[in-house]
Enquirer: 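What follows is a structure written as structure tokens; I'll ask about it next.
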Number of protein chains: 2
Amino acid sequence: MKNHQITIIDIAHTLNLSKSTVSRALTGHPNVKVKTRERVLELAAELDYQRNQLAISLLTNRTQTIGIMVPEFLSSFFPKVIIGAQDVLAKAGYNVVICHSNESYETEIINTKLLLASRVDGILVSHTKETRNFEHFKTVDRKGIPVVFFNRIVDEMSVSKVAVDDYEGAYQAVEHLIKTGKRRIAHLSGPDSLQNSRSRLNGYRDALTNHQIPIDPALIISYDLTLDKANIYVNHLLNLPQPPDALFAINDPTAIEALKVIKSRGLRIPEDIAIVGFSDDPISALIEPGLTTVSQPVDEIGREAARLLLNQLAADDERPEPELVVLPTRLIIRGSTVTGENPTGFADQTSLPSF
Amino acid sequence: MKNHQITIIDIAHTLNLSKSTVSRALTGHPNVKVKTRERVLELAAELDYQRNQLAISLLTNRTQTIGIMVPEFLSSFFPKVIIGAQDVLAKAGYNVVICHSNESYETEIINTKLLLASRVDGILVSHTKETRNFEHFKTVDRKGIPVVFFNRIVDEMSVSKVAVDDYEGAYQAVEHLIKTGKRRIAHLSGPDSLQNSRSRLNGYRDALTNHQIPIDPALIISYDLTLDKANIYVNHLLNLPQPPDALFAINDPTAIEALKVIKSRGLRIPEDIAIVGFSDDPISALIEPGLTTVSQPVDEIGREAARLLLNQLAADDERPEPELVVLPTRLIIRGSTVTGENPTGFADQTSLPSF
DNA sequence: CATGATTTTGGGAATGTTCCCAAAAATATA
DNA sequence: TATATTTTTGGGAACATTCCCAAAATCATG
């Protein structure tokens with residue numbers, strides 16, 4: 001008696017109807033007498049009846065729920081992606097369950113099983129930096145539940161993916177530094193396990209090579225994206241016998257950490273050392289100097305990933321062809337690489353041409 | 001046939017057992033022959049069996065899932081709260097579904113129904129700025145599903161709540177401005193619908209009154225928290241015949257927007273006009289000058305809210321007494337109110353005494 | 001080798017809903 | 001009024017699982 005939720009049968013009993021009729025009335029089935037439907041709807045509203053989605057999902061084997069798993073939650077990137085995806089999915093009648101793996105491989109596996117147990121209809125994933133074995137995602141795929149990767153994508157799985165043109169973004173960033181006269185350009189790279197980290201490194205390399213600048217391995221540091229380590233590595237770079245005159249960082253938080261270190265050592269930005277980040281975090285336009293960065297269409301990444309997932313769900317045939325979407329990046333030039341006009345990022349910088 | 005998930009019955013058939021025995025083996029019931037249990041577990045692992053949580057939830061009427069609804073997602077505040085809550089809830093064996101109402105009353109109602117339909121065991125809420133009617137939450141409460149409010153709390157409902165001491169935080173912030181010699185202190189306040197907005201306004205008022213500074217209604221502007229409007233109101237304040245010499249903003253994004261406007265008009269901060277925010281957003285330590293702000297224990301708000309919810313869920317008796325937790329705030333002094341040492345926020349400022 | 005005790009297994013109900021098919025009621029037609 | 005047709009309603013099965021109770025199998029004891 002206590003804590004009993006109103007069911008279709010409760011309504012049926014009080015109205016002297018069968019559960020079938022009540023069900024029909026509530027779902028809008030045509031074969032119900034108008035008067036009956038009214039009585040049912042009225043009582044349902046009065047009792048605050050809420051259909052039990054669990055029972056329906058059990059019956060139909062579809063939960064109308066999508067799981068989104070992200071490795072972290074504190075930078076603005078993933079929340080924005082989630083908002084974009086959620087918007088598209090909600091319009092298609094899907095709910096969203098958000099998991100965060102906290103950059104932990106173990107947690108990622110647990111979350112995957114959880115999503116599987118709660119029978120989500122599909123999963124959007126950006127995997128952790130620790131993930132090198134993708135067996136848990138392959139299991140999901142094998143069960144016929146579509147998986148779409150975004151941002152951090154996986155070469156070895158044949159599923160839909162959304163990425164930005166990391167290579168091109170990095171290439172343009174480094175080329176920009178070269179054109180401002182920099183020659184010893186360091187790269188604070190991400191872990192080798194991340195595909196986008198590798199692509200950005202390749203873009204960095206090729207930009208240098210194509211401009212006849214030798215690659216100095218001492219200037220390339222790959223790290224695990226924890227900011228305290230970034231601090232250490234930046235200091236290390238600055239202490240080199242031949243310190244760099246520019247730094248291309250894997251992402252904006254890293255670049256901002258570098259900027260703090262460099263300022264605290266009394267070096268001038270960009271004269272002594274220029275900095276470029278990646279992602280155009282909102283914070284990057286507010287700090288001083290404004291951070292030059294490679295912006296990516298964050299919201300659109302989420303929307304596109306959701307669309308690809310819906311494509312997989314909508315398809316009638318067994319297993320539709322996976323799609324790969326690569327979105328463009330755009331270099332945003334601010335005071336951390338160029339002096340003069342707009343040294344702070346405070347004024348909005350919508351479309352400065354890369355010179 | 002296609003897309004069929006492995007069930008307990010599939011396992012039972014292949015092993016010539018009954019579903020009961022398989023169920024017992026999988027759930028760790030003692031009355032199963034060791035050999036049998038081994039056979040079952042082996043086959044389950046081989047087939048990637050995942051228990052169907054839907055069926056269990058339907059049976060037990062408990063989903064082990066908590067819904068968290070927040071009004072927005074882009075500032076760092078709510079993601080941090082969610083992480084805190086999720087940590088506590090996960091350790092207690094609960095899953096988390098995150099909804100964001102996007103500051104829309106309509107969306108909030110839809111989300112509430114959705115959470116009800118998916119039979120969450122409890123709900124953590126920070127309501128939208130539009131919400132003035134709480135009937136949808138009262139319905140949840142009436143159904144015996146515990147609701148806990150955090151950050152934006154509701155006086156008219158007798159449920160557990162977590163807040164910070166908004167009054168005291170605001171009082172200290174304004175008192176700090178007065179002690180630095182400011183006299184015309186403006187307040188860019190939030191909408192009257194939010195309890196914390198009202199408390200901060202009261203703190204502001206009382207601080208002025210207790211220091212024999214008359215309250216000038218022209219210096220108090222209540223707005224809807226959309227940043228473009230903040231821009232307009234700050235300009236309005238600066239254009240007054242007697243412009244303010246300090247500004248206390250309802251939150252850090254508002255304060256930062258104000259800071260941008262003030263800097264772009266060539267005024268000096270804090271000499272011409274000092275600024276104080278609320279929340280200590282990570283960005284506030286990075287901008288120039290660093291933003292003086294009232295910090296709140298964001299992570300702890302989430303953890304505490306989760307704990308209060310677990311208290312409600314754990315209780316055996318009908319309806320345990322609701323609890324109210326008020327967490328302390330702390331004034332963080334940076335360059336936007338004080339010149340001299342540490343004018344930028346770049347160095348970490350852990351415990352500067354308020355003088 | 002019976003008999004009783006214990007361990008192990010199987011069968012059915014229950015959870016809340018939808019859908020199909022049949023039954024009943026209402027309506028139309030002769 | 002009787003029959004045919006349509007509209008409306010009711011009764012089950014199905015979904016995957018757990019739990020209770022009974023049945024079967026195993027074991028121990030005299």
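Below, chains carry the letters A, B, ... as their sequence lines are ordered, and counting in each starts from 1. Please read these numbers as outputs of a predicted model, since none were measured by experiment.
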Enquirer: Taking atom types as modelled and ignoring hydrogens, do the side chains of B/E108 and B/T131 form a donor-acceptor contact shorter than 3.5 angstrom?
Expert: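 Their side chains do contain a donor-acceptor pair, which is all the 3.5 Å distance test asks for.
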Enquirer: Is the shortest distance from a Lys or Arg side-chain nitrogen in A/E300 or A/R307 to a carboxylate oxygen in the other one below 4.0 Å?
Expert: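 Result for this pair is yes, salt bridge flagged.
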Enquirer: Between B/D10 and B/H4, do the side chains contain a donor N or O and an acceptor N or O under 3.5 Å apart?
Expert: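 Short answer, yes.
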Enquirer: Side-chain N or O of B/T36 less than 4.0 angstrom from OP1 or OP2 on C/dT9?
Expert: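 So the side-chain polar atoms of B/T36 do come within 4.0 Å of the phosphate oxygens OP1 or OP2 of C/dT9, strictly under.
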Enquirer: What nucleic acid atoms does A/N52 come within less than 4.0 Å of, heavy atoms only: base, sugar-phosphate, or nothing?
Expert: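 Touches sugar-phosphate only.
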Enquirer: Hey, does the side chain of B/S23 come within less than 4.0 Å of D/dT18's phosphate (OP1/OP2), counting only N and O?
Expert: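 Looking at the OP1 and OP2 atoms of D/dT18, one of them is under 4.0 Å from a side-chain N or O of B/S23.
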Enquirer: If you look at every strand shown and take non-hydrogen atoms under 4.0 Å, does B/L17 touch a base, only sugar-phosphate, or nothing?
Expert: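 Sugar-phosphate contact only - B/L17 comes under 4.0 Å of backbone atoms but never of a base.
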Enquirer: What integer distance in Å separates A/I6:CD1 from C/dT17:P?
Expert: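 Checked: the CD1 to P distance equals 10 Å.
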Enquirer: What integer distance in Å separates B/I11:CD1 from C/dT9:P?
Expert: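 My rounded result for the distance is 15 Å.
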Enquirer: With no hydrogens and no angle check, just 3.5 Å: does a side-chain donor-acceptor pair link A/T21 and A/S18?
Expert: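 Judged by distance alone, the side chains do pair up.
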Enquirer: Report which part of the nucleic acid B/L59 touches: base, sugar-phosphate, or nothing (heavy-atom distance under 4.0 Å, all strands).
Expert: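 The residue B/L59 makes base contact.
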Enquirer: Counting only side-chain heavy atoms from C-beta out, which of D/dT17, D/dT8, C/dT18 sits nearest to A/R51?
Expert: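 The closest nucleotide is C/dT18.
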Enquirer: Would you classify A/D10 as touching base, sugar-phosphate or nothing, given that sugar-phosphate means primed atoms plus P, OP1 and OP2, and contacts are heavy atoms under 4.0 Å?
Expert: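 Contact class for A/D10: none.
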Enquirer: My understanding is that only one of A/V125, A/V120, A/V147 makes a side-chain contact (heavy atoms from CB on, under 4.5 Å) with A/V140; could you say which?
Expert: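 That would be A/V147.
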Enquirer: Within the pair A/S18 and D/dG10, is there a side-chain N or O less than 4.0 Å away from OP1 or OP2?
Expert: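 Indeed, a polar side-chain atom of A/S18 lies that close.
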Enquirer: For the pair made of CZ in B/R37 and P in C/dT7, what is the distance, rounded to whole Å?
Expert: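 Answer to the nearest Å: 14 Å.
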Enquirer: Is A/R24 side chain donor-acceptor paired with the D/dG10 base, going by distance under 3.5 Å alone?
Expert: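 Per atom types, the contact qualifies.
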Enquirer: Please report the distance, rounded to the nearest Å, between CD1 in B/I9 and C1' in D/dT17.
Expert: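 Taking CD1 of B/I9 and C1' of D/dT17, I get 9 Å after rounding.
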Enquirer: Rounded to whole Å, how long is the line connecting atom CG of B/N61 with atom C1' of D/dC19?
Expert: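 The distance from CG of B/N61 to C1' of D/dC19 comes to 16 Å, rounded to the nearest Å.
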Enquirer: Step by step, work out the side chain to side chain contact (heavy atoms under 4.5 Å, CB included) result for B/L225 and B/L194.
Expert: CA-CA 11 Å; B/L225 305 180; B/L194 300 182; 4.2 Å; yes
Enquirer: I want to confirm an ordering. Mapping B/N31 and B/A55 to their closest nucleotides on DNA chain C, which one lands closer to the 5' end?
Expert: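 That would be B/N31.
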Enquirer: To the nearest Å, how far apart are A/L58 CG and C/dC19 C1'?
Expert: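 Checked: the CG to C1' distance equals 15 Å.
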Enquirer: Identify which nucleotide among D/dA16, D/dT9, C/dT9 has an atom closest to any side-chain atom of B/H4, counting heavy atoms from C-beta outward.
Expert: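 Selected nucleotide: D/dA16.
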Enquirer: If only side-chain N and O atoms of B/Y49 are considered, is one of them under 4.0 Å from the OP1 or OP2 phosphate oxygen of D/dA16?
Expert: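 Negative; the distance criterion is not met.
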Enquirer: To the nearest Å, how far apart are B/R119 CZ and C/dG16 C1'?
Expert: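 From B/R119 CZ to C/dG16 C1': 8 Å.
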Enquirer: C/dA14 C1' sits how many Å from A/L54 CG, rounded?
Expert: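 A/L54 atom CG is separated from C/dA14 atom C1' by 15 Å.
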Enquirer: Quick check for you: among C/dT17, D/dT9, C/dG12, whose closest atom lies nearest to any side-chain atom of B/K19?
Expert: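 Of the options given, the side chain of B/K19 lies nearest C/dG12.
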Enquirer: Output the single nucleotide from D/dA16, D/dG10, C/dG12 whose closest atom is nearest the side chain of B/S20.
Expert: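 Closest nucleotide to the B/S20 side chain: C/dG12.
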Enquirer: Which part of the nucleic acid, if any, lies within reach of A/S57 when heavy atoms closer than 4.0 Å are counted: base, sugar-phosphate only, or nothing?
Expert: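 No contact at all - A/S57 keeps every heavy atom at 4.0 Å or more from the nucleic acid.
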